[in-house]
Each structure stands twice: as structure tokens, then as C-alpha cells.
Amino acid sequence: CSAKTLSKYSSSTSGWRSSILILQEPSKIKKKGGLRGTVSFASLNAHNNIDLSRRDDLWSLYFVILDFLEEKLVWREVKEYTMDEVKDIKTRCLKNPEKHLWQKTKNLQEVKNIFNYLNKLKYVDQPDYGYIKSNSSAFMRTINQSSNNSHKSPTISQICTLVRLISLVSSLESSKQ
């Protein structure tokens, strides 16, 4: 994105230096965005060469969440799928998630809430990261409280990674205000 820079944060840990550039608004939509990222977790917009925005980062996070929850991501089943085949499979799955996407997570309303929220986001929309975080926390509580769930609970490492991702996104968003 080539947007106005609010601030730049740097931290140094054990000799490693990382910087995060905080952006105020997404850049203007380009006619062709090109695929960036991992095909398995890329948003459908990336597959369709539509310029990417914050919503697409959240779609990628959503696919990671489903993977953590051991949901069957059909497009990951065969390594030899072409990018066009992955795009077609994702399109089918996202058009009818009840049938093609939510097998193990069908009883987790929060997973559906996040999906429905992401589906409504437009390129220029500023996502409500708090909504994503609260729904993620809620389904993690549900999973941990359920003794007879239909899927294997995520590992502690996966939960910590998920919480860090959501916290990072949320903190970046709140620091802009």
C-alpha cells in the first residue's frame, strides 16, 4: 500500500530488528493486483488478480484459523492442483460454506460470524479487528469448554500463534486512532 504513514515502530530483541509501518488508509484500487502470498491461504481476490486490501489479510487469517481447527480445506488436499483449480475450488467452497467448508466447525457460530463479516467487507473498508478478535476468543472458549467436540482442539502453540496474530492486527489498528 502506498498510503499516508502515521508512525513507524521499531523494536530490538536479541539483535533482531523489526519495523512495522502503520498505514492510515489503503492505496487506490489497481486494475490488476496479482497473486501474492501462499496459494492455500490467499484470498479469492488474490486468485482473481483483484488488488488486495486489509480484508484480504483477514481472509488469509480466516483460512489459517480453519486450518488450526483442522477444518478440511479441500483445495489443500492435492499438492498438484493448479492455481486455477485452487481458485475454482475456493469459489465453490465460499459460495456454499455450509456444504463445502464447515465440516468440523459447523456448530461454531463465531466461525460463521467471521465468515459473514468478511464477506461484506469492501476494498476501502476499515475492518473491525475487535469483532474478529472477540469472535475468535469466543470460539476458542467454546472449544476448550466442550468435552465432546467434533474436532481436535488446537494445540497450545497454535492458540498462542492465533492470539498473537489477532492481537498484532488489533494493536496496529488501535494505534492508528
Side-chain angles (χ1 to χ4, degrees), residues 18 20 33 35-48 50 52-123 125-174:
S18 63
I20 300 170
L35 183 72
R36 293 176 290 235
T38 305
V39 173
S40 292
F41 300 112
S43 72
L44 202 50
N45 290 327
H47 288 281
N48 288 319
I50 296 171
L52 307 179
S53 69
R54 296 172 283 200
R55 68 173 175 197
D56 300 291
D57 295 334
L58 291 173
W59 272 115
S60 295
L61 178 60
Y62 185 76
F63 295 139
V64 169
I65 289 169
L66 292 179
D67 192 50
F68 280 174
L69 296 173
E70 296 187 339
E71 191 60 81
K72 181 179 175 181
L73 301 176
V74 182
W75 58 86
R76 294 192 70 198
E77 291 182 346
V78 178
K79 290 189 183 277
E80 291 79 29
Y81 281 145
T82 66
M83 285 188 15
D84 284 337
E85 289 172 318
V86 171
K87 173 184 158 182
D88 292 342
I89 294 167
K90 276 187 186 178
T91 300
R92 181 173 38 93
C93 290
L94 295 178
K95 281 185 179 176
N96 190 348
E98 294 282 348
K99 182 176 181 183
H100 301 293
L101 193 59
W102 302 321
Q103 302 305 308
K104 293 183 177 189
T105 57
K106 64 183 170 219
N107 295 322
L108 292 174
Q109 183 58 47
E110 298 85 2
V111 170
K112 296 174 185 181
N113 292 347
I114 295 170
F115 175 90
N116 292 327
Y117 177 73
L118 295 179
N119 234 2
K120 293 176 186 173
L121 287 176
K122 305 281 186 256
Y123 178 86
D125 288 344
Q126 180 175 335
D128 182 351
Y129 295 102
Y131 181 80
I132 305 293
K133 186 176 181 179
S134 66
N135 274 276
S136 299
S137 297
F139 74 68
M140 294 308 294
R141 279 191 302 276
T142 301
I143 289 169
N144 290 331
Q145 292 170 358
S146 175
S147 59
N148 188 16
N149 54 27
S150 60
H151 56 277
K152 183 180 166 191
S153 294
T155 65
I156 297 297
S157 174
Q158 289 171 328
I159 293 169
C160 290
T161 300
L162 176 62
V163 169
R164 276 187 294 236
L165 284 170
I166 294 169
S167 294
L168 174 63
V169 169
S170 183
S171 67
L172 290 174
E173 187 60 27
S174 65

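Index from 1, following the sequence. None of the values given here were measured: they were computed from a predicted structure.
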(message) Working to the nearest 0.5 angstrom, can you tell me the gap between L61 CG and Y129 OH?
(response) 10.0 Å
(request) Rounded to the nearest 0.5 Å, what's the gap from CG on N107 to OG1 on T142? Could you check? (result) 10.5 Å
(request) Could you tell me whether D67 and R76 have a side-chain N and a carboxylate O separated by less than 4.0 Å? (result) yes
(message) Closer than 3.5 angstrom, by distance alone: can the side chain of N48 be matched with the main-chain N or O of L44 as a donor-acceptor pair?
(response) yes
(request) Could you pull out all residues at least two apart from E110 that satisfy side-chain hydrogen bond (donor to acceptor under 3.5 Å, both in side chains)? (result) none
(message) If I compare all heavy atoms of L101 with all of C93, which pair ends up nearest, and what's the gap?
(response) CB-O, 4.1 Å
(message) Test your reading of the model: is there a side-chain donor-acceptor pair from Q103 to the backbone of E71, 3.5 Å cut-off?
(response) no
(message) I need the R54 CZ to L121 CG distance, nearest 0.5 Å.
(response) 9.5 Å
(request) Could you name each residue pair satisfying salt bridge (Lys or Arg N to Asp or Glu O under 4.0 Å) that touches residues 81-98, not counting sequence neighbours? (result) E98-K112
(request) Could you check whether the rings of W102 and F115 sit parallel, tilted or perpendicular, using 30° and 60° as the cut-offs? (result) perpendicular
(message) Tell me whether S60 contacts the main-chain N or O of F41 through its side chain, where contact means a donor paired with an acceptor under 3.5 Å.
(response) yes
(request) State, yes or no, whether a side-chain contact exists between P127 and I132 at a heavy-atom distance under 4.5 Å. (result) no
(request) Step by step, work out the side chain to side chain contact (heavy atoms under 4.5 Å, CB included) result for V39 and H47. (result) CA-CA 8 Å; V39 173; H47 288 281; 3.6 Å; yes
(message) Within the structure provided, determine whether Y62 and V111 are in side-chain contact (heavy-atom separation under 4.5 Å).
(response) yes
(request) Would you please name every residue forming a side-chain contact (heavy atoms from CB on, under 4.5 Å) with D57, sequence neighbours left out? (result) none
(request) Could you grab the distance from atom CG of N113 to atom CZ of F139, nearest 0.5 Å is fine? (result) 11.0 Å
(request) Look at the side chain of T105 and the backbone N and O of L108, then say whether any donor-acceptor pair between them is shorter than 3.5 Å. (result) no
(request) Taking the side chain as every heavy atom from C-beta outward, state whether S40 and F63 have any atom pair closer than 4.5 Å. (result) no
(message) In the structure I gave you, are the side-chain heavy atoms of I114 and W59 within less than 4.5 Å of one another anywhere?
(response) no
(request) Please name all residues satisfying side-chain contact (heavy atoms from CB on, under 4.5 Å) with E77, sequence neighbours left out, ordered by chain then number. (result) K72, V74
(request) Output all residues satisfying side-chain hydrogen bond (donor to acceptor under 3.5 Å, both in side chains) with N45, sequence neighbours left out; order by chain, then residue number. (result) D56
(message) Among residues at least two apart in sequence or on other chains, which ones pass ring pair (Phe, Tyr, Trp, His ring centres under 6.0 Å) with Y117?
(response) Y131
